[in-house]
Amino acid sequence: METQGEPPIKKSNFIIDLVEADLDSNRYDGRVQTRFPPEPNGFLHVGHAKAICLNSSIANDYSGVFNLRYDDTNPVTESTEFVASIKDDLQWLLGEELKTVPLHTSDYFKQLYLWAEDLIMKGKAYVDDQDVKTISKQRGGFQETGLNSPYRDRGTEENLHLFREMRAGKFYEGECVLRAKIDMGHDNMNMRDPIMYRVKTEEHFRTGKEWNIYPTYDWAHGQSDAIEKVTHSLCSLEFESHRELYNWFLDQLEITGNQRPYQTEFARLNFTYTVLSKRLLKYLVEDKIVDGWDDPRMPTLRGFRKRGYPAVAVRNFCEHIGVAKTNGTHEIELLESFIRNNLNQNAERRMAVLNPLKVTITNWPEGHVDMRQAINNPEDESAGTREIPFTGSLYIEREDFMENPEPKYYRLAPGREVRLRYGYFITCNKIVKDKEGNVTELLCSYDPETSGGKAPDGRKVKATIHWVSAEHALEGSAVLYDRLFSTEHPGAETGEPLDDINPNSKTLRECIKLEPSIGDLTRGSVVQFERLGYFHPDEEIPLLFHRTVGLRDEWANIVKRR
RNA sequence: UGGCCCGUAGUUCAACUGGCAGAACGCCUGGUUUUGGUCCAGGAGGUUGCAGGUUCAAGUCCUGCCGGGCCAGCCA
């Protein structure tokens, strides 16, 4: 895996400790096997990225095996659309094709079924004819013990017969279920005779109409791990209380020794200024708050991709944050710093003006075009140079001029001299305004002696600003993205995250001015528009750019502090 | 007022298993710079949730509190 020159911080976390301890004790004969088990009912987001990176890097670091396993046990919510997108996003994130073919829980339906019969015969499972409500009520509460189902003590033969009929499609949905027979008075609610199978008539996207009953997560998960010979079954904290059941099932099936996986939980990833819950993300899409699952503002991997986040930067981020059992929220700035770090090294620089202000150089020789040489990437000499036409009629950024400059504002102002990057020093002599008093044009003079960017007399300028020649400029557009939510912890105040949606998270800038070489940019690559930020060319629309992330901005900090 | 889990700079994590509490990001100051970017140097920021106990020595072990999270789907 690429590391792009990151300082080699030795990784240390409680999961690595466990893996190494198991290696030391030879628990699995030196094997390490992990898996990423998404349900194919939605798109992957950064939260999943953490789990993917964790599982795949543990397998990588210890010469183990990492599998993608679709946890497709619920035909009503799952579809092939998601199967495809998950694999696609996963490979994008990992930066390579999967080394193993994707697995499916549905591949194990037969084995799971046989094991269920096994449990029935051991008197450890029974068919319950009660409906959802009744079962739920009987489960009791945290402080009250549950009630045994009247069907709990059915005979083995009757259970077997009923279960086979369930499979044969003799029952309607909700008519009956198969339950593990554990303990209705257990402190852990998951142990109060959990459901193993339920009837579902919906067609499964892989097994079609073959099955009328489907295993629940609890019944399928640990057994699937065991079938695949997973060693370390990593999942998020919310499954902590399911671990006891995970182990109980393996106990009943007498899966032991180096064939027996064990579950370890870690904290899922959270970020400031966004949400990662499936429900909320779905709302954003369906209520058209965003333009789709791949909207660059979305924390989905598709969104990241469209926004121009390099996959390796996301991986490095995941590597860096490590894992722990503390539920917390990462500052989004940390992710952004990894994005910038990568892009600073790799993105070519270009000049673009997003909010153009006309500048006329009054002493420029009429019709003269001066080709200026510019460095493509100061961090990477091999990126070479390019030429940019300089003329007497330019556009500069409106924000780079202030009629009445505030303290510490270094850029252009009446009577002030600045440097045009790769061009000359210019001085603002006159402001042209329209009837409403808006500045429409600046009349400036240039100093021909400053062609090299320095004045022979040694005088300094405080600022260097970017520009584009008016007659050579390409016209395009840019979309500027801001945080999707306006508060660090959406919903912290009202309890409803949607109350904190930032109404200005997307700004379209049309008629932006681009230096000519931008027309030749290769698709997919991210460029830095100097002094503005990193921009990702849209995959379809020419000269449309998505702002990946802005540059760090000292001036913005100064303004904010006021 | 059940059970399980978690509390270390603002944030997220380390601390070789009892031996001088560190890093990254963020913030601040200075330097370099034809990007107010990058880079370099430095700084602030901690009663390790609280209170006891064991020990020459406790973030680490013990006890008790406090705070937070998760669990009562035929979702995963």
Side-chain angles (χ1 to χ4, degrees), chain A residues 7 9-13 17 37-39 41 71 73-74 76-77 128 131-132 135-137 139-146 173-179 186-192 194-200 213-214 216-218 220-221 235-244 265 267 269-270 272 278 320-338 340-341 344-345 349 351 374-375 378-379 408-411 419-423 425 450 452-454 461-466 488 528-533 550-558 561:
Chain A
I9 308 153
K10 68 165 189 292
K11 280 189 283 179
S12 178
N13 63 56
D17 290 348
E39 183 183 17
N41 71 347
D71 202 5
T73 56
N74 188 351
V76 326
T77 57
D128 193 336
D131 61 23
V132 200
I135 289 178
S136 171
K137 194 175 283 175
R139 189 145 28 226
F142 296 133
Q143 272 116 246
E144 103 199 84
T145 184
E173 285 188 29
E175 226 181 332
C176 55
V177 290
L178 183 74
R179 292 228 258 168
H186 206 287
D187 281 335
N188 182 346
M189 294 301 238
N190 296 118
M191 301 296 278
R192 320 249 262 223
I195 312 297
M196 294 170 65
Y197 276 97
R198 69 285 214 209
V199 175
K200 285 195 186 292
I213 53 173
Y214 291 89
T216 55
Y217 166 85
D218 285 309
H221 206 86
C235 64
S236 49
L237 249 28
E238 55 197 304
F239 292 99
E240 230 156 13
S241 60
H242 291 249
R243 187 176 60 232
E244 197 171 8
E265 312 84 18
L269 180 63
N270 288 302
T272 53
K278 202 171 277 182
H320 174 87
I321 60 171
V323 277
K325 293 187 84 117
T326 33
N327 252 318
T329 305
H330 280 272
E331 290 174 334
I332 193 72
E333 288 86 347
L334 182 60
L335 206 215
E336 289 176 344
S337 86
F338 273 80
R340 288 198 190 97
N341 184 1
N344 176 51
Q345 298 297 320
R349 298 312 89 153
M351 291 202 284
I375 294 164
E379 308 293 323
K408 292 201 169 173
Y409 183 85
Y410 301 149
R411 284 109 93 155
R419 172 168 40 232
L420 292 179
R421 170 136 245 227
Y422 298 124
F425 284 12
T450 57
K454 287 187 170 64
V461 287
K462 292 276 269 182
T464 301
I465 65 175
H466 59 276
E488 272 197 17
Q528 183 195 105
F529 289 163
E530 293 216 26
R531 306 207 309 128
L532 296 174
L551 259 22
R552 276 188 69 233
D553 189 347
E554 175 63 17
W555 172 243
N557 273 357
I558 292 171
R561 254 181 272 145

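The chains referred to below are lettered A, B, ... by the order of the sequence lines, with proteins before strands, and numbering in each begins at 1. This structure is a prediction, so every number in the text was calculated from the model and none was measured.
- If you measure from atom CG of A:D17 to atom P of B:rU60, you get 18 Å, rounded to the nearest angstrom.
- For the pair A:Y197 OH and B:rC74 C1', the interatomic distance rounds to 14 Å; values are reported in whole Å.
- The OG atom of A:S241 lies 9.0 Å from the CD atom of A:E265; values are rounded to the nearest 0.5 Å.
- With a 4.5 Å cut-off on side-chain heavy atoms, A:E175 and A:D131 do not count as touching.
- Taking side-chain N and O atoms only, A:R198 has a distance below 4.0 Å to OP1 or OP2 of B:rA76.
- Pair assignment for B:rG2 gives B:rC71, based on Watson-Crick or G-U wobble hydrogen-bonding distances that are each under 3.5 Å.
- Nucleic acid contact for A:V323: sugar-phosphate only, since backbone atoms but no base atoms lie under 4.0 Å from a heavy atom of the residue.
- When heavy atoms are screened at a 4.0 angstrom cut-off, A:N41 is found touching no nucleic acid atom at all.
- A:L237 has its side chain within reach of A:N327: a pair of non-hydrogen atoms, C-beta onward, lies under 4.5 Å apart.
- Residue-to-nucleotide contacts include no donor-acceptor pair under 3.5 Å from the side chain of A:H186 to the base of B:rA72.
- Side-chain nitrogen and oxygen atoms of A:S12 include at least one within less than 4.0 Å of the OP1 or OP2 phosphate oxygen of B:rA15.
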Classify every nucleotide of nucleotides 30-37 of chain B by which part a protein heavy atom approaches to under 4.0 Å, writing B for the base, S for the sugar-phosphate alone and - for neither, in 5'-to-3' order.
----BBBB
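- Among the atoms of the strands shown, none is found under 4.0 Å from any heavy atom of A:H221.
- For B:rA76, there is no paired nucleotide, since no Watson-Crick or G-U wobble pair has both relevant distances below 3.5 Å.
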Which parts of nucleotides 1-11 of chain B does protein reach within less than 4.0 Å, heavy atoms only, written one letter per nucleotide 5' to 3' as B for base, S for sugar-phosphate only and - for none?
SBS-SSS--BS
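- With P as the reference atom, B:rU38 and B:rG52 are 47 Å apart, rounded to whole Å.
- The P atoms of B:rG42 and B:rA23 are separated by 11 Å, rounded to the nearest whole Å.
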Which is it for A:R198 and A:L178 under the side-chain contact (heavy atoms from CB on, under 4.5 Å) test, yes or no, and what are the steps along the way?
CA-CA 7 Å; A:R198 69 285 214 209; A:L178 183 74; over 6 Å; no
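- Rounding to whole angstrom units, CG of residue A:N13 and P of B:rU12 are separated by 17 Å.
- Rounded to a whole angstrom, the distance from the P atom of B:rA15 to that of B:rC61 is 13 Å.
- Annotation: B:rC65 and B:rG26 have their P atoms spaced 42 Å apart (nearest Å).
- Rounded to whole angstrom, the span from the OH atom of A:Y214 across to the C1' atom of B:rG73 amounts to 19 Å.
- Shown here, B:rU17 is classed syn by the O4'-C1'-N9-C4 or O4'-C1'-N1-C2 angle, which is within 90° of 0.
- Formation of a donor-acceptor pair under 3.5 Å by the A:T450 side chain with backbone atoms of A:F425 is found in this model.
- Checking the phosphate oxygens (OP1, OP2) of B:rC27, a side-chain nitrogen or oxygen of A:N557 falls inside 4.0 Å.
- Residue A:R340 places none of its side-chain N or O atoms closer than 4.0 Å to OP1 or OP2 of B:rC25.
- B:rU55 is unpaired under the Watson-Crick or G-U wobble criterion, no partner having all donor-acceptor distances under 3.5 Å.
- Crowding of A:K137 atom NZ: a count of heavy atoms from other residues, nucleotides or ligands under 6.0 Å not exceeding 12.
- For the P atoms, the distance from B:rU12 to B:rA57 is 33 Å, rounded to whole Å.
- Nucleotides B:rG19 and B:rC13, compared at atom P, are 23 Å apart to the nearest Å.
- Applying the side-chain hydrogen bond (donor to acceptor under 3.5 Å, both in side chains) criterion to A:R419, with sequence neighbours excluded, gives A:T464.
- Rounded to an integer number of Å, the gap from A:R192 CZ to B:rG73 C1' is 15 Å.
- Taking the six-membered ring where tryptophan is involved, the planes of A:H242 and A:Y217 are perpendicular, since the angle between them exceeds 60° and thus also 30°.
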Evaluate A:R349 against A:I375 for side-chain contact (heavy atoms from CB on, under 4.5 Å), listing each step before the verdict.
CA-CA 8 Å; A:R349 298 312 89 153; A:I375 294 164; over 6 Å; no
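- When the side-chain nitrogen and oxygen atoms of A:T73 are compared with OP1 and OP2 of B:rA76, one or more of them lie within a distance under 4.0 Å.
- Here A:K200 reaches the OP1 or OP2 of B:rC75: one of its side-chain N or O atoms lies under 4.0 Å away.
- B:rG69 has its base anti relative to the sugar, with a glycosidic angle deviating from 0 by more than 90°.
- Between A:R561 and A:E554, at least one side-chain N (NZ, or NE/NH1/NH2) sits under 4.0 Å from a carboxylate O, which counts as a salt bridge.
- One P atom belongs to B:rA24, the other to B:rA14, and the distance between them is 16 Å to the nearest Å.
- Remark: the separation of the C1' atoms in B:rU48 and B:rG10 is 16 Å, to the nearest Å.
- Residue A:F239 is in base contact, counting any heavy-atom pair closer than 4.0 Å across all strands shown.
- Comparing A:P37 and A:G141 by the nucleotide of RNA chain B whose heavy atom lies nearest to each, the residue mapping closer to the 5' end is A:G141.
- By the 4.5 Å heavy-atom criterion applied to side chains, A:V199 and A:V177 are not counted as neighbours.
- The ring of A:Y409 has its center closer than 6.0 angstrom to the ring center of A:W555.
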